[in-house]
Amino acid sequence: MTRTLRFGLALLAALVIIAPLYWMVVVAFSSRRELLGGDLRVWPRQFTLENVDRVFSSFPVAAWFGNSVAISLVVALLSVATSLLAGYAFAHLRFRGSNALFFVALGTLVLPIQVIMVSLFRIVTGMGLYGTYWAVILPTAASAFGLFLARQFLLGIPRELIEAARLDGAGHLRVFRSVVLPLSKPLIAVLFFMSLLQSWNDFAWPLIALRDNALYTLPIGLLYLQGQFGSDYGATMAFALVNVVPMVVVFLVFQRYFVAGLTRSGIR
């Protein structure tokens with residue numbers, strides 16, 4: 001495959017990915033007259049913030065945005081911690097049944113959230129967490145896919161480094177803190193971004209676990225906006241833009257570590 005052909009395919013793929021986001025921006029900043037009059041252009045004739053103002057004045061978007069940030073950050077941090085610790089155990093500790101336990105954990109990937117939703121609801125209700133942030137955070141604080149990535153990445157760390165630290169008298173926690181973590185920055189970036197993205201876009205479980213309107217996240221808020229402004233495409237796209245832009249910015253910031261972490265984890 002020639003370099004020109006590869007460049008053309010990459011450019012085509014980039015256009016396919018960017019086109020929905022670009023169209024979202026165009027609709028969000030176009031006036032209602034332009035949208036309803038059928039005169040929508042490649043770029044708004046008159047750049048306006050009326051759609052954004054209408055969304056923020058009709059819904060507590062700032063509060064929902066804060067809820068999404070708080071929940072997603074806590075979930076991402078807990079998921080990174082649990083994935084790294086469990087991945088280190090499966091990669092460098094030998095114990096009976098470790099492989100079987102690892103494959104059982106991977107087997108949970110085939111279970112959709114709808115299968116365990118009733119059980120999760122009963123658990124959080126029994127713990128008195130229903131209707132709180134923790135009802136959303138704790139059930140998603142560990143990820144089987146994150147465990148898989150962490151194990152594959154940490155298997156690439158030479159065992160000689162681990163054994164040398166152990167011979168110097170370091171315990172497993174000291175080895176994890178002083179040897180494993182400094183070498184795992186790309187992995188941490190991947191786990192953090194993937195957990196953040198999944199939690200940020202999560203809809204089904206927060207809709208069930210949260211009962212107070214003030215605690216809702218942005219995806220749930222988008223559902224209510226569509227119910228009230230069903231044909232107001234400008235307001236809908238403005239709200240969707242508020243939901244999408246933060247994750248785009250995070251990806252651009254962590255892009256280098258994200259690609260490096262996936263490559264070293266054996267994902268192509």
Side-chain angles (χ1 to χ4, degrees), residues 17-79 113 129-140 192-255:
I17 295 173
I18 295 174
L21 182 61
Y22 170 76
W23 195 246
M24 186 185 302
V25 172
V26 172
V27 175
F29 295 109
S30 297
S31 64
R32 296 192 68 182
R33 177 182 299 179
E34 192 171 358
L35 291 174
L36 298 177
D39 192 27
L40 188 62
R41 302 190 175 190
V42 176
W43 189 252
R45 177 182 300 176
Q46 182 180 2
F47 189 87
T48 178
L49 294 176
E50 64 178 29
N51 295 318
V52 179
D53 294 336
R54 189 160 61 256
V55 167
F56 274 83
S57 62
S58 302
F59 295 92
V61 178
W64 292 344
F65 183 87
N67 295 337
S68 292
V69 170
I71 292 175
S72 299
L73 284 178
V74 175
V75 168
L77 292 174
L78 290 177
S79 182
I113 184 64
L129 299 177
Y130 175 65
T132 66
Y133 286 149
W134 292 108
V136 179
I137 293 171
L138 291 181
T140 56
F192 183 82
F193 176 75
M194 293 183 65
S195 300
L196 190 73
L197 180 62
Q198 182 178 3
S199 179
W200 185 271
N201 292 325
D202 195 8
F203 171 76
W205 177 242
L207 181 63
I208 294 175
L210 299 174
R211 58 185 173 185
D212 188 356
N213 182 281
L215 299 180
Y216 284 168
T217 57
L218 286 176
I220 304 176
L222 182 59
L223 173 68
Y224 279 87
L225 181 141
Q226 289 177 326
Q228 182 170 342
F229 298 131
S231 60
D232 193 341
Y233 302 110
T236 302
M237 290 298 103
F239 195 103
L241 203 60
V242 174
N243 188 39
V244 169
V245 167
M247 291 299 100
V248 174
V249 173
V250 170
F251 175 76
L252 293 177
V253 172
F254 288 96
Q255 178 183 7

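The figures here come from the full heavy-atom set of this structure, side chains too, leaving out hydrogens, waters and symmetry mates. Just so you know, these numbers come straight off a predicted model, no measurement behind them.
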Minimum heavy-atom distance between [X] and [Y], given as atom pair plus value:
| X | Y | result |
| --- | --- | --- |
| Val250 | Phe193 | CG1-CD1, 3.6 Å |
| Leu138 | Leu129 | CD1-CD1, 3.7 Å |
| Trp200 | Pro246 | CZ2-CG, 3.9 Å |
| Leu77 | Phe192 | CD2-CE1, 4.0 Å |
| Leu73 | Leu196 | N-CD1, 3.9 Å |
| Phe29 | Val52 | CE2-CG2, 4.1 Å |

How long is the span from the [atom1] atom in [X] to the [atom2] atom in [Y], to the nearest 0.5 Å?
| X | Y | atom1 | atom2 | value |
| --- | --- | --- | --- | --- |
| Asn201 | Leu218 | CG | CG | 10.0 Å |
| Asn67 | Ile220 | CG | CD1 | 9.0 Å |
| Thr132 | Ile137 | OG1 | CD1 | 8.0 Å |
| Leu222 | Thr236 | CG | OG1 | 7.0 Å |
| Ile18 | Trp23 | CD1 | CH2 | 16.0 Å |
| Tyr133 | Thr217 | OH | OG1 | 10.0 Å |

Residues Trp64, Phe239; criterion side chain to side chain contact (heavy atoms under 4.5 Å, CB included); working and verdict: CA-CA 11 Å; Trp64 292 344; Phe239 195 103; 3.9 Å; yes

Any side-chain heavy-atom pair of Ser199 and Val136 under 4.5 Å: no

Any side-chain heavy atom of Asn51 within less than 4.5 Å of one from Val55? no

Ignoring hydrogens and angles, tell me if any N or O in the side chain of [X] forms a donor-acceptor pair with the backbone of [Y] under 3.5 Å.
| X | Y | answer |
| --- | --- | --- |
| Ser30 | Val26 | yes |
| Asn243 | Pro219 | no |
| Ser79 | Ser195 | no |
| Asp202 | Gln198 | no |
| Ser57 | Arg54 | yes |

